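A quick write-up on the structure given underneath.
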Protein chains: 2
Amino acid sequence: MKKKSSSSVARVKQKRLSPEDRRQEFVRKATEFFSEEGFNGGTRELARRLGVTQPLLYRYFPSKEELVKEVYRKVYLEPLDTGWEKLLTNRSRPIRERLLQFYDAYTNVIFTRKWLRIYLFSGLKGLDINRWYVGVVRDKILTRIIKECRFEFGLPTQAKPTASEIEMAWVFHGGVFYYGVRRYIYEMPDIQDKEEMIANAIDGYLAGFARASAKDAKRPAAKSNRLNAAAAR
Amino acid sequence: MKKKSSSSVARVKQKRLSPEDRRQEFVRKATEFFSEEGFNGGTRELARRLGVTQPLLYRYFPSKEELVKEVYRKVYLEPLDTGWEKLLTNRSRPIRERLLQFYDAYTNVIFTRKWLRIYLFSGLKGLDINRWYVGVVRDKILTRIIKECRFEFGLPTQAKPTASEIEMAWVFHGGVFYYGVRRYIYEMPDIQDKEEMIANAIDGYLAGFARASAKDAKRPAAKSNRLNAAAAR
DNA sequence: TTTTTATTTTATCAACCGATAAATAACGCC
DNA sequence: GGCGTTATTTATCGGTTGATAAAATAAAAA
């Protein structure tokens with residue numbers, strides 16, 4: 001064992017962080033820990049990886065649950081404050097380019113083992129923050145994509161997205177998402193480059209969107225609005 | 001409390017099952033339990049839901065882990081012995097119809113809260129049986145779909161699926177899968193009928209497949225075989 | 001250096017976990 | 001019915017969990 005390193009000799013680092021910085025360091029490392037072990041991981045093992053003793057955690061967090069909540073908050077808010085919303089609405093560029101750039105940026109944030117695992121763990125718990133996040137994806141991302149696609153294909157953009165449109169966007173988005181799961185959670189070998197996969201997925205989605213629009217143009221809007229009716233009651 | 005009901009009076013049910021049947025009943029109920037609580041659920045709570053005491057479990061299973069393994073086996077093998085393979089290869093019917101019927105049948109099996117949750121729980125654990133299952137989906141289902149699509153579009157069917165083809169099929173399949181997650185795990189409201197979603201997803205996939213085939217026909221096979229090269233080393 | 005304050009550790013608690021042994025209850029058979 | 005066998009329960013073990021109080025240490029202030 002080393003000596004105590006009390007004042008001057010051999011003191012290389014470890015200045016002593018501000019309480020808030022130290023707290024954030026704990027949250028950061030706890031995120032890594034819980035992403036691997038799940039939220040049933042013990043506080044003793046977590047403390048060991050932090051290089052401290054277990055009761056110290058309770059100086060910075062009133063309970064394990066509070067620490068876990070802070071991990072959630074950090075993980076779920078991380079992908080949302082990257083200002084990608086303008087990226088989708090820039091109509092000076094074709095929709096395909098915008099989608100390519102957006103999904104490249106978005107997946108650069110969420111396609112990590114850490115993020116995906118915490119997302120799935122909390123999803124299995126049925127947490128409110130998970131439902132909130134999924135709602136944000138639908139209302140901010142998918143709804144925007146649908147509107148921009150309509151514009152690209154010369155369709156009216158005011159009306160709310162139909163159930164079919166949302167569901168098709170979800171299938172596309174979920175398909176892309178599932179690539180991350182296969183790669184970073186299942187760790188499947190021999191997987192295609194992310195960029196190629198995204199390009200293929202986008203082309204497939206746009207082809208499907210064009211096809212569906214053409215079909216809907218023949219017989220006007222009906223049937224696919226079962227959802228709005230249900231939501232209006 | 002009731003009386004003991006030893007021989008004849010007021011005996012309505014509860015005949016006493018054979019050891020194997022009782023064991024299977026335990027496995028069945030344990031599947032429900034672990035699907036909700038996760039595999040960290042306690043044996044005492046499980047026994048309570050079974051209406052028995054906790055040590056009794058150890059008469060039927062040597063350890064909790066063995067019980068859990070049997071739950072895995074049952075859940076993972078369930079969707080595979082439904083003989084849907086012939087369904088995909090019946091070339092007297094158009095591929096769209098076959099895909100519709102297959103995915104209707106397949107999702108009828110896996111789109112339950114129970115199945116999806118156990119699948120995700122075990123996936124997060126990185127279990128071998130999970131990786132095995134994902135490999136089966138790729139090699140038996142997706143590869144077959146690709147081959148049948150090639151046939152439908154008048155392309156040669158012998159060559160192994162390219163990386164792009166597999167990845168596109170995965171995005172499609174994962175998109176459908178993610179519908180189940182949204183519905184039965186996230187429990188999102190106002191969701192489209194499963195059949196409509198599947199039909200839309202299939203049409204989108206086929207449109208994308210046609211588009212990709214047309215593009216590949218211009219410049220011959222190259223680039224998209226990076227995977228085979230990687231697998232051959 | 002001495003005093004004060006903030007940080008970290010040691011020791012410990014009650015509750016819960018998976019698992020085992022021994023005692024009891026229920027059944028099938030004669 | 002009584003007897004032997006199987007199924008089930010009661011009681012209990014050692015280990016681990018999240019959490020608390022008090023002692024000890026390190027840093028900062030004087």
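Convention: sequence-line order gives letters A, B, ...; per-chain numbering from 1. As the structure is a prediction and not an experimental result, all values here were calculated from the model.
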Just so I know, are the side chains of [X] and [Y] near enough to count as touching, which here means a heavy-atom distance under 4.5 Å?
X: B:Arg144; Y: B:Lys140; value: no
X: B:Tyr106; Y: B:Val137; value: yes
X: A:Ile191; Y: B:Trp170; value: no

- Residues from residues 58-74 of chain B lying under 4.0 Å of DNA chain C - heavy atoms: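 Correct list: B:Tyr58, B:Ser63, B:Lys64.
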- Near DNA chain C, which residues from residues 31-48 of chain B have a heavy atom under 4.0 Å away?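 Hits under 4.0 Å, by residue number: B:Gly41, B:Gly42, B:Thr43, B:Arg44.
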- Whole Å only: how far is the CD atom of A:Glu25 from the P atom of C:dT8?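 The answer, rounded to whole Å, is 10 Å.
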- Between C:dC16 (C1') and B:Gln54 (CD): distance, integer Å: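 Going from B:Gln54 (CD) to C:dC16 (C1'), I get 11 Å.
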- Looking only at heavy atoms, which two atoms of B:Ile185 and A:Gly123 are closest? And how far apart?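 Shortest heavy-atom separation between B:Ile185 and A:Gly123 comes out as CG2-O, 3.9 Å.
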I'd like a table of donor-acceptor pairs (distance under 3.5 Å, sequence neighbours excluded) in which one partner is a side-chain atom from residues 111-119 of chain A, with atom names and distances.
{"unit_1": "A:Thr112", "atom_1": "OG1", "unit_2": "A:Trp115", "atom_2": "N", "d": "3.0"}
{"unit_1": "A:Arg113", "atom_1": "NE", "unit_2": "A:Glu36", "atom_2": "OE1", "d": "3.4"}
{"unit_1": "A:Arg113", "atom_1": "NE", "unit_2": "A:Glu36", "atom_2": "OE2", "d": "2.6"}
{"unit_1": "A:Arg113", "atom_1": "NH1", "unit_2": "A:Tyr184", "atom_2": "O", "d": "3.1"}
{"unit_1": "A:Arg113", "atom_1": "NH2", "unit_2": "A:Glu36", "atom_2": "OE1", "d": "3.0"}
{"unit_1": "A:Trp115", "atom_1": "NE1", "unit_2": "A:Val75", "atom_2": "O", "d": "2.9"}
{"unit_1": "A:Arg117", "atom_1": "NE", "unit_2": "A:Ser35", "atom_2": "O", "d": "2.5"}
{"unit_1": "A:Arg117", "atom_1": "NH1", "unit_2": "B:Leu124", "atom_2": "O", "d": "3.0"}
{"unit_1": "A:Arg117", "atom_1": "NH2", "unit_2": "A:Glu36", "atom_2": "O", "d": "3.1"}
{"unit_1": "A:Arg117", "atom_1": "NH2", "unit_2": "B:Leu124", "atom_2": "O", "d": "2.9"}
{"unit_1": "A:Tyr119", "atom_1": "OH", "unit_2": "B:Tyr178", "atom_2": "OH", "d": "3.1"}
{"unit_1": "A:Tyr119", "atom_1": "OH", "unit_2": "B:Tyr186", "atom_2": "OH", "d": "3.3"}

- Using a cut-off of 6.0 Å, state whether more than 12 heavy atoms not belonging to A:Lys125 lie near its atom NZ.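 Yes - once you tally the heavy atoms of other residues, nucleotides and ligands closer than 6.0 Å, there are more than 12.
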- Five-pair end axes of the helix from C:dT1-D:dA30 to C:dC30-D:dG1, angle between them (10°):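 For the helix from C:dT1-D:dA30 to C:dC30-D:dG1, the axes at opposite ends meet at about 10°.
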- Taking only the side-chain heavy atoms of A:Pro55 (C-beta and beyond), determine which of D:dT8, C:dA19, C:dA11 contains the nearest atom.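 So the side chain of A:Pro55 is nearest to C:dA11.
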For a quick test of your reading: what N or O donor-acceptor pairs under 3.5 Å do the side chains of residues 49-61 of chain B make, sequence neighbours left out?
{"unit_1": "B:Arg49", "atom_1": "NE", "unit_2": "B:Glu45", "atom_2": "OE2", "d": "3.3"}
{"unit_1": "B:Arg49", "atom_1": "NH2", "unit_2": "B:Glu37", "atom_2": "OE2", "d": "3.0"}
{"unit_1": "B:Gln54", "atom_1": "NE2", "unit_2": "B:Thr43", "atom_2": "OG1", "d": "3.1"}

- Query: Taking only side-chain nitrogens and oxygens of A:Arg22, does any of them come within less than 4.0 Å of OP1 or OP2 of C:dT8?
  - Reply: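 Yes, such a contact exists.
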- Message: Using the side-chain hydrogen bond (donor to acceptor under 3.5 Å, both in side chains) criterion, which residues pair with B:Lys194? Sequence neighbours excluded.
- Response: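 If we apply the side-chain hydrogen bond (donor to acceptor under 3.5 Å, both in side chains) test to B:Lys194, skipping adjacent residues, the hits are B:Thr107, B:Asn108.
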- Are B:Tyr76 and B:Asn130 close enough that a side-chain donor and a side-chain acceptor fall under 3.5 Å?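 Yes, a side-chain donor-acceptor pair sits under 3.5 Å.
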